Amino acid sequence: MLRRSVCKALAGLTTAAILAAPGLASAADQVSVQLDWVVRGNHAMFFVAKEKGYFAENGIEVTEIRKGTGSPDAMRLVANGNAEFGFGDLPTLAVARSQNVPVVALAAVNQRSPIGMIALAKSHQLKTPADIRGLNIGIHPAGSTYIFYKSFLAANGLTEADMKMSSVSPPYESYLLLGRVDAVPGYIDAEVPELEAKAGGPGSLSIILGADYGYDVYGSGLFTSEAMIKDKPDVVKRFVAAYLKAFQFTAEHPKEAAAITAKAAPGYAGKADVLAAQLQADIDHTFADADTKANGLGWMTKDKWANTIKVLTDQGALKGTVAADAAFTDAYLKP
């Protein structure tokens, strides 16, 4: 009888000890992610962090990674609480903040904007911004590419009146391939690998990057809402920690990251090569700069954010005042 009582007491203590152990009894915090568009290479970090267990080891459960309909929509959805975290064009985030959309950048994936003007090389050779004068440009007027386009024109002494503008719906590739437009603004880490494959392979496209001609701004990145930072800072901290670990893995192992993404994203079976090509374009051109070499991938600075805002303001893309230190936080990037 005494032995049974002792055993029961020990069992109770063991159970209590397990329940008291940090992290073992508490359920993971559930969050969802809103992407800017269909899955691309630079979205791989979310899938890698989930597959490799980086989210789980930080007490995070990502319940859904949703494709989007553009950066502006992604930012509104996160600001409204329809998702806890999002991914999108950071210059568009500055524009959103000027329209009182309370979103905040957490990490800059592209230290340099990956957007440029794209034409078929057999039809038009783009060597300078002046080469788009007189062309029929395909534009989606509600997306991040239009914000780029207006800034790019202003930076290079051009106006919309210098070109014919045709309103197109994404995906833009078909309009260009069919000759319905002469050029489109697009992402070298998104449209270009797929478009190049369809247009005839390497060398089939003629591209000028906005970053080489006055569009000196951040590209896309991770963001959340002001409410998340205020109400759940620890969740934000743990999410960013997992994301940055996945970012480092992705930069070091792009083919494996692409394979993980292709396996996890619905409809992407067989597209690992395209995703890997998209990632390689970022690795070659946009992921790293002097700031990231000193401080790690994703790093952001007030000076560069101020410059991003100045470029948008000077070139007429940004209406209203946006404070650089309100548009981003580096608090979760620090060890």
Side-chain angles (χ1 to χ4, degrees), residues 23 28-36 39-63 65 74 78 83-90 93 103-112 114 189 218-225 228-229 232-261 264 275-276 278-302 304-305 308 325 327-335:
D29 289 289
Q30 294 186 334
V31 301
S32 59
V33 173
Q34 178 63 57
L35 303 180
D36 50 345
V39 173
R40 292 167 168 168
N42 61 7
H43 297 142
M45 290 69 123
F46 299 109
F47 298 98
V48 167
K50 194 169 184 178
E51 172 68 19
K52 292 288 182 180
Y54 302 156
F55 283 136
E57 69 188 27
N58 280 279
I60 300 288
E61 180 188 352
V62 175
T63 59
I65 302 171
V78 171
E84 285 72 26
F85 297 93
F87 185 92
D89 180 66
L90 297 184
L93 184 143
V103 284
V104 181
L106 297 170
V109 168
N110 305 117
Q111 297 294 316
R112 234 173 146 242
D189 60 352
Y218 282 121
S220 295
L222 177 70
F223 65 91
T224 191
S225 64
M228 277 293 292
I229 290 173
K232 298 182 179 180
D234 186 60
V235 174
V236 177
K237 180 180 180 180
R238 287 183 280 118
F239 187 96
V240 174
Y243 182 86
L244 292 177
K245 188 172 181 179
F247 194 174
Q248 188 66 44
F249 179 92
T250 298
E252 293 173 355
H253 307 282
K255 289 186 178 180
E256 186 176 348
I260 289 170
T261 304
L275 293 168
Q278 292 172 338
L279 277 171
Q280 195 60 52
D282 272 327
I283 291 167
D284 292 343
H285 299 287
T286 77
F287 278 173
D289 67 357
D291 287 335
T292 64
K293 287 174 183 177
N295 300 288
L297 292 172
W299 192 257
M300 299 179 291
T301 68
K302 183 176 179 179
K304 192 160 183 178
W305 259 104
T308 294
D325 53 4
F328 86 104
T329 177
D330 63 3
Y332 305 102
L333 296 174
K334 299 172 182 176

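Quick note: numbers below take in every heavy atom, side chains included, and nothing from hydrogens, waters or symmetry partners. Since this is a predicted model, take the numbers as computed values, not measurements.
A pairwise comparison of heavy atoms in Pro114 and Thr286 identifies CB-CG2, 4.0 Å as the closest pair. The two residues Ala107 and Leu90 have their closest heavy-atom pair at O-CD1, 4.3 Å. In this structure, Gly298 and Thr292 approach most closely via the heavy-atom pair N-CG2, 4.2 Å. Here the closest heavy-atom approach between residue Asn42 and residue Ser220 is recorded as ND2-CB, 4.5 Å. The two residues Ala74 and Leu35 make their nearest non-hydrogen contact at CB-O, 3.7 Å. Considering every non-hydrogen atom in both Ser32 and Ala83, the closest pair reads OG-CA, 3.3 Å.
In terms of the ring-ring contact (aromatic ring centres under 6.0 Å, His included) criterion, Phe223 has no residue partners (sequence neighbours excluded). Legend: residues meeting salt bridge (Lys or Arg N to Asp or Glu O under 4.0 Å) with Lys302, ordered by chain and number and at least two apart, are Asp325. The side-chain hydrogen bond (donor to acceptor under 3.5 Å, both in side chains) test applied to Gln111 returns no partner, not counting sequence neighbours. A search for salt bridge (Lys or Arg N to Asp or Glu O under 4.0 Å) contacts involving Arg238 returns Asp29, Asp234, not counting sequence neighbours. Here Glu256 pairs with Lys52, Phe249, His253, Ile260 under the side chain to side chain contact (heavy atoms under 4.5 Å, CB included) rule; sequence neighbours left out. In this structure Lys245 satisfies the side-chain hydrogen bond (donor to acceptor under 3.5 Å, both in side chains) test together with Glu57, sequence neighbours excluded. Judged as a salt bridge (Lys or Arg N to Asp or Glu O under 4.0 Å), and not counting sequence neighbours, the contacts of Lys334 are Asp330. Not counting sequence neighbours, the partners of Phe239 by the ring-ring contact (aromatic ring centres under 6.0 Å, His included) test are Phe55, Phe85. Residues forming a side-chain hydrogen bond (donor to acceptor under 3.5 Å, both in side chains) with Thr329 (at least two apart in sequence, or on another chain): none.
When side chains are defined from C-beta on, Val78 does not count as touching Phe87, because their heavy atoms never get closer than 4.5 Å. For the pair Phe47/Val39, a side-chain contact is recorded, criterion being any heavy-atom separation below 4.5 Å from C-beta on. Here the side chains of His43 and Asp36 are in contact, with some heavy-atom distance below 4.5 Å. Within the 4.5 Å cutoff, no side-chain heavy atoms of Asn295 are placed close to those of Leu333. Residues Val104 and Ile229 meet the side-chain proximity criterion, which asks for heavy atoms closer than 4.5 Å. The shortest side-chain heavy-atom distance between Pro254 and Ile283 falls under the 4.5 Å cut-off. Using a 4.5 Å heavy-atom cutoff, the side chains of Thr250 and Leu279 are in contact. The shortest distance between side-chain heavy atoms of Glu61 and Val31 does not fall below 4.5 Å.
Interatomic distance, Thr261 OG1 to Gln278 CD, rounded to the nearest 0.5 Å: 10.0 Å. The CG atom of Leu275 sits 11.5 Å away from atom CG of Asp189, with the distance rounded to the nearest 0.5 Å.
For the salt bridge (Lys or Arg N to Asp or Glu O under 4.0 Å) condition, the pairs that include at least one residue of residues 279-292, sequence neighbours left out, are Asp289-Lys304.
A donor-acceptor contact closer than 3.5 angstrom is absent between the side chains of Glu84 and Thr224.
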side-chain hydrogen bond (donor to acceptor under 3.5 Å, both in side chains) between Asn110 and His285, worked out: CA-CA 9 Å; Asn110 305 117; His285 299 287; over 6 Å; no
Might you work through the side chain to side chain contact (heavy atoms under 4.5 Å, CB included) test for Val236 and Leu106, ending with a clear yes or no? CA-CA 9 Å; Val236 177; Leu106 297 170; 3.9 Å; yes
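Side-chain N or O atoms of Thr308 include one that pairs as donor or acceptor with a backbone N or O of Tyr218 at under 3.5 Å.
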